[in-house]
Amino acid sequence: MPSNRQRLILKTAAATLVVAGLAAAAAGAVVLRAGWYDISATSLHLQPVYTLLESGMHYSVRRHAREIAAPQLGDARQVALGAALYRDNCVQCHGAPGVAQSPIGQSMQPLPGPLVDASKRWKPRELYWITRHGIKMSGMPAWEFHMNEDELWAVVAFVQTLPRLSARGYAEATAAASPPREAAR
């Protein structure tokens, strides 16, 4: 059984934690209600906010995508369809080998990341989930309303080829690609 001194120390520590938590919540409420946090698209988040949001996004994608079974990827027709879809829908924001983001992509906050190394950071099922469902408050749209299943997986298949493409390889792959709606039908 703890002594009176130990109980006093435990009670003091618990009370300190409660008071510190309430003070932090009150400070957060003041910052929120006063509008002091700059949410404009012309300024970056503070690093702790960015880190928290980025971590939460990674955890969420991994959780929601864990039950998705990826089909066989990499068929030449599938990759060609993915190249056309990427060219027409993704390169503006994410860029490609030898292609910078468009001014619209460069003006977004958070800045859309390049997808050249996405297959090193994400599993195919996670890339599919992101492409299909989008990411809230990031500018990444939910493509499930604009692409069918085959097209979504084709984009994933093409994104997986990006690390192996040079600027010339990307230009050749997308120039040779048929317009997506004709290729998919």
Pro163 versus Val116, closest heavy-atom pair with distance = CG-O, 3.1 Å
Which of these passes side-chain contact (heavy atoms from CB on, under 4.5 Å) with Tyr86: Leu115, Thr174, Thr161?
-> Leu115
Backbone N or O of Thr51 within a donor-acceptor pair of the Glu54 side chain at under 3.5 Å?
-> no
Residues Leu111 and Gly105: closest non-hydrogen pair is CD1-O, 3.4 Å
Interatomic spacing from CE in Met147 to CG in Leu81 - rounded to 0.5 Å = 9.0 Å
Interatomic spacing from CG in Asn4 to NZ in Lys11 - rounded to 0.5 Å | 8.5 Å
So CD1 of Ile68 and CD of Glu126: to nearest 0.5 Å the spacing works out to 9.0 Å
Do Leu10 and Leu17 belong together in a cluster built from hydrophobic side chains that touch within less than 4.5 Å?
-> no
Heavy atoms of other groups near Tyr50 OH, more than 12 under 6.0 Å = no
Residues Arg164 and Gln160: closest non-hydrogen pair is NH1-O, 3.4 Å
Starting from the C-alpha separation in whole Å, work towards a yes-or-no answer on side-chain contact (heavy atoms from CB on, under 4.5 Å) for Tyr37 and Val49.
-> CA-CA 11 Å; Tyr37 189 79; Val49 173; 3.6 Å; yes
Pick from Tyr128, Trp129, Tyr59: which one makes a ring-ring contact (aromatic ring centres under 6.0 Å, His included) with His64?
-> Trp129
Compare every heavy atom of Gly98 with every heavy atom of Ala167, then report the nearest pair and how far apart it is.
-> CB-CA, 3.5 Å
Can you tell me if Ser60 uses its side chain to pair, donor with acceptor, with the backbone of Gly56 under 3.5 Å?
-> no
Assess whether atom CZ of Arg77 is packed by more than 12 heavy atoms of other residues, nucleotides or ligands within 6.0 Å.
-> no
When you check the gap from the basic side-chain N to the acidic O, do Arg125 and Glu67 get nearer than 4.0 Å?
-> no
Verify, without hydrogens or angle tests, whether Glu151 (side chain) and Asn148 (backbone) share a donor-acceptor contact under 3.5 angstrom.
-> yes
When hydrophobic residues are tied together by side-chain contacts of less than 4.5 Å, even through go-betweens, does Met57 share a cluster with Met108?
-> no
Taking atom CD1 of Ile9 as the centre, report whether more than 12 heavy atoms of other residues, nucleotides or ligands fall under 6.0 Å from it.
-> yes
Measuring from Trp153:CH2 to Leu127:CG, what's the distance to the nearest 0.5 Å?
-> 8.5 Å
How about Leu165 and Phe158: do any of their side-chain heavy atoms sit closer than 4.5 Å?
-> yes
Any side-chain heavy-atom pair from Pro110 and His45 closer than 4.5 angstrom?
-> no
Enclosure of Gln47 CD (heavy-atom neighbours >12, cutoff 6.0 Å) | yes
Check whether Ile135 and Leu52 end up in the same hydrophobic cluster, where Ile, Leu, Val, Met, Phe, Trp and Tyr are linked by side-chain heavy atoms less than 4.5 Å apart.
-> no
Which atom pair, heavy atoms only, marks the closest approach of Thr16 to Thr12?
-> OG1-O, 2.7 Å
Minimum heavy-atom distance Gly74-Ala157, with the two atoms named | N-CB, 4.1 Å
Hey, mind stepping through Val91 and Tyr170 against side-chain contact (heavy atoms from CB on, under 4.5 Å) and telling me if it holds?
-> CA-CA 11 Å; Val91 74; Tyr170 174 79; 3.6 Å; yes
Measure the CD-CD distance between Glu149 and Glu144 for me, rounded to the nearest 0.5 Å.
-> 8.5 Å
In this structure, CD of Gln92 is separated from CZ of Arg87 (nearest 0.5 Å) by 10.5 Å
Measure from the side-chain N and O atoms of His94 to the backbone N and O of Gln101, and report whether any donor-acceptor pair falls under 3.5 Å.
-> no
Side chain to side chain, Leu162 and Pro97, heavy atoms closer than 4.5 Å = yes
Do Ser55 and His58 come close enough that some side-chain heavy atom pair is under 4.5 Å?
-> no
